[in-house]
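Contents: one structure, followed by commentary.
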Protein chains: 2
Amino acid sequence: MNSLEAEATAQEPQTPDVTELILQDILAGRLPPGTWLKQIDLERRYNCTRPEVRRALDRLVQKRLVEHIPNRGYHVHEQDGRRAQEVSDIRVILEVAVSDRIIANASTADIAKLRTLALRFDDLVLNGTMLELYEANLAFHRHLLALAGNQELVELITEIRQRTSSAPVSQWRTRARIEQSGREHQQMVDAIERRDVSHLMELTRKHILQA
Amino acid sequence: MNSLEAEATAQEPQTPDVTELILQDILAGRLPPGTWLKQIDLERRYNCTRPEVRRALDRLVQKRLVEHIPNRGYHVHEQDGRRAQEVSDIRVILEVAVSDRIIANASTADIAKLRTLALRFDDLVLNGTMLELYEANLAFHRHLLALAGNQELVELITEIRQRTSSAPVSQWRTRARIEQSGREHQQMVDAIERRDVSHLMELTRKHILQA
DNA sequence: GGATCATAAATTGGCGCCAATTTGATTACC
DNA sequence: GGTAATCAAATTGGCGCCAATTTATGATCC
């Protein structure tokens, strides 16, 4: 939703939710998989108290993003190839299945909005951080899914996306792949505009599987 | 997984995860939607410390089972008809979509195991608590889904099931409906044994939607 | 010289206290 | 008699300390 307003690492004395800050650092690849998250380090890094760190770590464990070993500590969950594949499979099933609803509900305004978001993604390919790109991509997919008329579905897919793709860097290996993703976004909007359900389904399937 | 070994409310001095205890009480309907979860009450009810209560409450908020209002407190999330409908829709999409994989992977042993679980459900209809029935039902559906060969899918559906069906009582309103569910379980196993994909899909769809 | 044990440093994790906010009741006032 | 303001009780929530466990280091023994 809101892009990154916490660009300065730890400057402001206010408390903008430590969980979100750690999450973004993991997503941005600043805390790579396997990294041990020592409570004192986090306390200093985010300029917060011990209980806040603990609460954040516990939440991230619930989200399956970090692993907890009793009396040993917390570390960023290793990338699991099988799990990533399984999540992709789930996404394909769901997003392909609601393609018809998306097309049925998409108004002219919705399509315009999707184009804007797709363009923003393309723009950030050239000049933008990996995190910004990640969030722009997420925004596009969230608005797309929202058209299916099932709010829970939007939240659910947002959740399971985070669950595996620890570092977005590992998602899009090359710039060529990123640019390809951008083009696919455009094609998906085109398909929606033409009300071509089967084409949208095929585009969605490919887009997710090779992301 | 493990059935209820914490039958005695709060007797043993050990700490068998307070989160799970509160969760079960919500699921069993002992803590109806809307109930305010005062920290002192929980502290006494489950014979645990303040920080444990807080951690449990925070986790349940993450699971969307309780709602948190800052400086006001925590209360069991109200049953949301729309959300329940949306979760059912998601379940239908997913479980119908993997029907073919379930049938492709189901061995003779798997089918026998499913029959056992279905029978256990039927048995508990007569003599068993609501919670036991709920867990037997969950066990059947988990084993069924596991045959699709996607572990994440099993965990995901288990999660979203909990997310809405606050009180399992509200799921199966009448005993007639429960017995009908039991028969449908049997029919689903029959369909798997006959390798009748389309029939399993139709049974699954109806079973979920009118549960 | 290498391995093992003991000791010390560091880290995790449990626990209780106290301030801030809210709720309910009593009192004063219109 | 009803309403509004004030005060007290209760509840939430932040914070730091200390014990338990683990890890690293160094000394001793084989």
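Throughout, a chain's letter reflects where its sequence line sits, starting with A, and its residues are numbered from 1.
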Distance, rounded to the nearest Å, where [X] contributes [atom1] and [N] contributes [atom2]:
X: B/L57; N: D/dT11; atom1: CG; atom2: C1'; result: 13 Å
X: A/R55; N: C/dG14; atom1: CZ; atom2: C1'; result: 17 Å
X: B/Q39; N: C/dT21; atom1: CD; atom2: C1'; result: 13 Å
X: B/H75; N: C/dT22; atom1: NE2; atom2: P; result: 16 Å
X: A/I40; N: C/dA9; atom1: CD1; atom2: P; result: 15 Å
X: B/N71; N: C/dT23; atom1: CG; atom2: C1'; result: 12 Å
X: A/I69; N: C/dT11; atom1: CD1; atom2: P; result: 16 Å
X: B/K38; N: D/dG13; atom1: NZ; atom2: C1'; result: 17 Å

- Item | Side chain of A/R72 (C-beta onward), nearest among C/dG13, C/dT22, D/dT23 |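 Minimum distance to the A/R72 side chain belongs to D/dT23.
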
Does the side chain of [X] pick up a donor-acceptor pair with the side chain of [Y] at under 3.5 Å?
X: B/R183; Y: B/Q180; value: yes
X: B/D58; Y: B/Y74; value: no
X: B/R55; Y: B/T19; value: no
X: A/H68; Y: A/H77; value: no

- Query: Looking at A/H68, does any N or O in its side chain come under 4.0 Å of the phosphate oxygens OP1/OP2 on C/dT12?
  - Reply: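 False: A/H68 side-chain N/O out of range (4.0 Å or more) of C/dT12 OP1/OP2.
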
- Can you name the one residue among B/R177, B/K206, B/R205 that meets salt bridge (charged side-chain N to carboxylate O under 4.0 Å, His left out) with B/E184?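 Single pass found, and it is B/R177.
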
Please list, for nucleotides 15-17 of chain D, all pairs of protein and nucleotide N/O atoms separated by less than 3.5 Å.
residue : atom : partner : partner atom : Å
D/dC15  : OP2  : A/T49   : OG1          : 3.3

- Task: Grab the two heavy atoms, one from A/V98 and one from A/A148, that are nearest each other, plus how far apart they are.
- Result: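 Nearest heavy atoms, A/V98 then A/A148: CB-CB, 3.8 Å.
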
